[in-house]
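The basis for the numbers below is simple: all heavy atoms, side chains too, and nothing from hydrogens, waters or symmetry mates. Below, read A as the first sequence line, B as the second, and so on, with proteins coming before strands; counting in each chain starts at 1.
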Amino acid sequence: MRGYELCLLLHADTTEEDISKLIDSLTGVINTHEGTVLETETWGKKTFRYPIKKQNKGYYYFVYFNGTPATLREIDRMIRYNERVLRFTTMHLPKSYTPPAEAAVQEPAADVAETPAVEEPKAETQEQQPAAEQAE
Amino acid sequence: MRPRRTSKKRKSFYQKRKICRFCTDGTAPISYKDYNTLKHFITERGKIIPRRISGNCAKHQRELSRAIKRARMMATMPFSVSST
């Protein structure tokens, strides 16, 4: 098992629905093929430095996961011929990468139960900050 | 390394001995996603600045080069900029 980072450039005209479908099926494939997804990240729509397939903009998506060569093969098969994917690269996870604490510790099933607990501390800190600003 | 001739023509050899930016800093990792850091190491035409000018150490220059090339592939940096 090894950490990998997948960078995807998606066609600018792809609907949000299709994007989430693609990402979901990707993470599904990873999970069913000896892998575990660590995180997904996006930059949204960005302008390219040079046109790709005549497009000047596209969606940037990143998927961080652990996997085996089998996982990689499946992902490759899925993405390579997908017309919405303009470009993709899979690379080793950089050593500097730190997975988010929730994903590292818990199973996917437990995530739903845990996320309210995670949100509460955030709400508390937000309340504390305006109070601190007023005190200053 | 093959032996160099005594530097009469190579004026740049004895200019300031720059220190590697990444060795001293040590915090920010070199990433192909980090355009703001990477942009300092390419010329106006988009070429990678050589190590003897940027002052990087060998290890970081290699990482930098790899990162820039990846960034080029993922269209966050250009391959070349036509100067007009």
*Asks:* Does anything in residues 85-98 of chain A reach chain B? List residues with heavy atoms under 4.5 Å apart, or say none.
*Replies:* R87(A), F88(A), T89(A), M91(A), S96(A)
*Asks:* Mind checking which of residues 60-77 of chain A sit less than 4.5 Å from chain B, heavy atom to heavy atom?
*Replies:* Y60(A), F62(A), Y64(A)
*Asks:* With rounding to the nearest 0.5 Å, note down the distance linking OH in Y35(B) to NZ in K46(A).
*Replies:* 9.5 Å
*Asks:* Out of curiosity, does F48(A) fall in the hydrophobic cluster containing W43(A) (side-chain heavy atoms, cut-off under 4.5 Å, transitive links)?
*Replies:* yes
*Asks:* Any chain of hydrophobic side-chain contacts (each under 4.5 Å) joining V37(A) to L22(A)?
*Replies:* yes
*Asks:* Identify the residues of residues 66-82 of chain B whose heavy atoms come closer than 4.5 Å to a heavy atom of chain A, ordered by number, or report 'none'.
*Replies:* R70(B), R72(B), M73(B), M74(B), A75(B), T76(B), M77(B), P78(B), F79(B)
*Asks:* Could you see if I49(B) belongs to whatever hydrophobic cluster contains L38(B)? Use Ile, Leu, Val, Met, Phe, Trp, Tyr and a side-chain cutoff under 4.5 Å.
*Replies:*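 In one cluster: no.
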*Asks:* How would you list all residue pairs meeting side chain to side chain donor-acceptor pair (under 3.5 Å) that involve residues 17-30 of chain A, not counting sequence neighbours?
*Replies:*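 Every pair satisfying side chain to side chain donor-acceptor pair (under 3.5 Å) with a residue in residues 17-30 of chain A: T15(A)-D18(A).
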